[in-house]
Amino acid sequence: MGDIIPRELISAWMEWDRGPSIWIQLSGERDCPEVVVEDESGSMVTVRVPLVPPDDWIADHQRRLHQVMAHWVPMLSAS
């Protein structure tokens, strides 16, 4: 399947001007995935949590995705 997720991918939740925002970056400040919580409008605090998944984490989840797709895609296509 290869790497289908770009290394620079950034995902955000609640990206607002008022209230905290949560960001997930695949390549953070320490060259590993990280979660960033920013509260610019309230406390002016930013928290960065680096994540170091096991070496086989991506491959394991790609296998799981393939299993789900192998099960469900034929069922959904038959409808």
Side-chain angles (χ1 to χ4, degrees):
M1 182 173 194
D3 288 338
I4 59 171
I5 302 173
R7 294 285 305 160
E8 67 276 358
L9 180 70
I10 297 173
S11 182
W13 181 67
M14 291 181 54
E15 186 179 357
W16 298 2
D17 292 333
R18 299 180 186 164
S21 298
I22 299 174
W23 303 80
I24 300 171
Q25 301 177 344
L26 291 183
S27 184
E29 289 184 356
R30 296 189 171 127
D31 292 327
C32 66
E34 71 179 5
V35 175
V36 180
V37 180
E38 293 182 336
D39 185 16
E40 292 181 354
S41 65
S43 63
M44 299 294 293
V45 170
T46 298
V47 177
R48 294 179 177 277
V49 180
L51 306 173
V52 183
D55 290 339
D56 67 339
W57 189 85
I58 291 176
D60 178 46
H61 283 77
Q62 286 176 334
R63 279 191 300 275
R64 293 173 191 226
L65 176 60
H66 285 291
Q67 290 173 343
V68 169
M69 291 175 66
H71 178 80
W72 285 104
V73 169
M75 289 181 171
L76 296 174
S77 298
S79 299

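Throughout, residue positions are numbered sequentially from 1 according to the sequence presented.
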Next item on the list: Spell out, yes or no, whether Val49 and Val52 are grouped together once hydrophobic residues are joined by side-chain heavy atoms under 4.5 Å, including indirect joins.
Entry: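 Val49 and Val52: separate clusters.
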Check: Are Val47 and Met44 co-members of a hydrophobic cluster defined by side-chain heavy atoms under 4.5 Å apart?
Finding: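 No, because Met44 and Val47 fall into different hydrophobic clusters, even though each may have its own neighbours under 4.5 Å.
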Margin query: So does Trp57 get a backbone contact from the side chain of His61, meaning a donor-acceptor N/O pair under 3.5 Å?
Written below: yes
Margin query: Looking at Asp56, I'd like to know if its CG atom is crowded, meaning that more than 12 non-hydrogen atoms belonging to other residues, nucleotides or ligands lie closer than 6.0 Å.
Written below: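 Yes, the 6.0 Å shell around CG holds more than 12 heavy atoms from other groups.
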Check: With a cut-off of 6.0 Å (strictly less than), are more than 12 heavy atoms of other residues, nucleotides or ligands near CZ of Arg30?
Finding: no
Next item on the list: Could you walk me through whether Asp39 and Val37 pass side chain to side chain contact (heavy atoms under 4.5 Å, CB included), step by step?
Entry: CA-CA 7 Å; Asp39 185 16; Val37 180; 5.9 Å; no
Notebook entry, point to check: Going by heavy atoms in the side chains, are Val35 and Ile22 under 4.5 Å from each other?
Noted result: yes
Notebook entry, point to check: So Gln25 and Arg48, side chain to side chain contact (heavy atoms under 4.5 Å, CB included) or not? Walk me through it.
Noted result: CA-CA 10 Å; Gln25 301 177 344; Arg48 294 179 177 277; 4.0 Å; yes
Margin query: Would you compute the distance between atom CG of Leu26 and atom CD1 of Ile58 and round it to the nearest 0.5 angstrom?
Written below: 7.5 Å
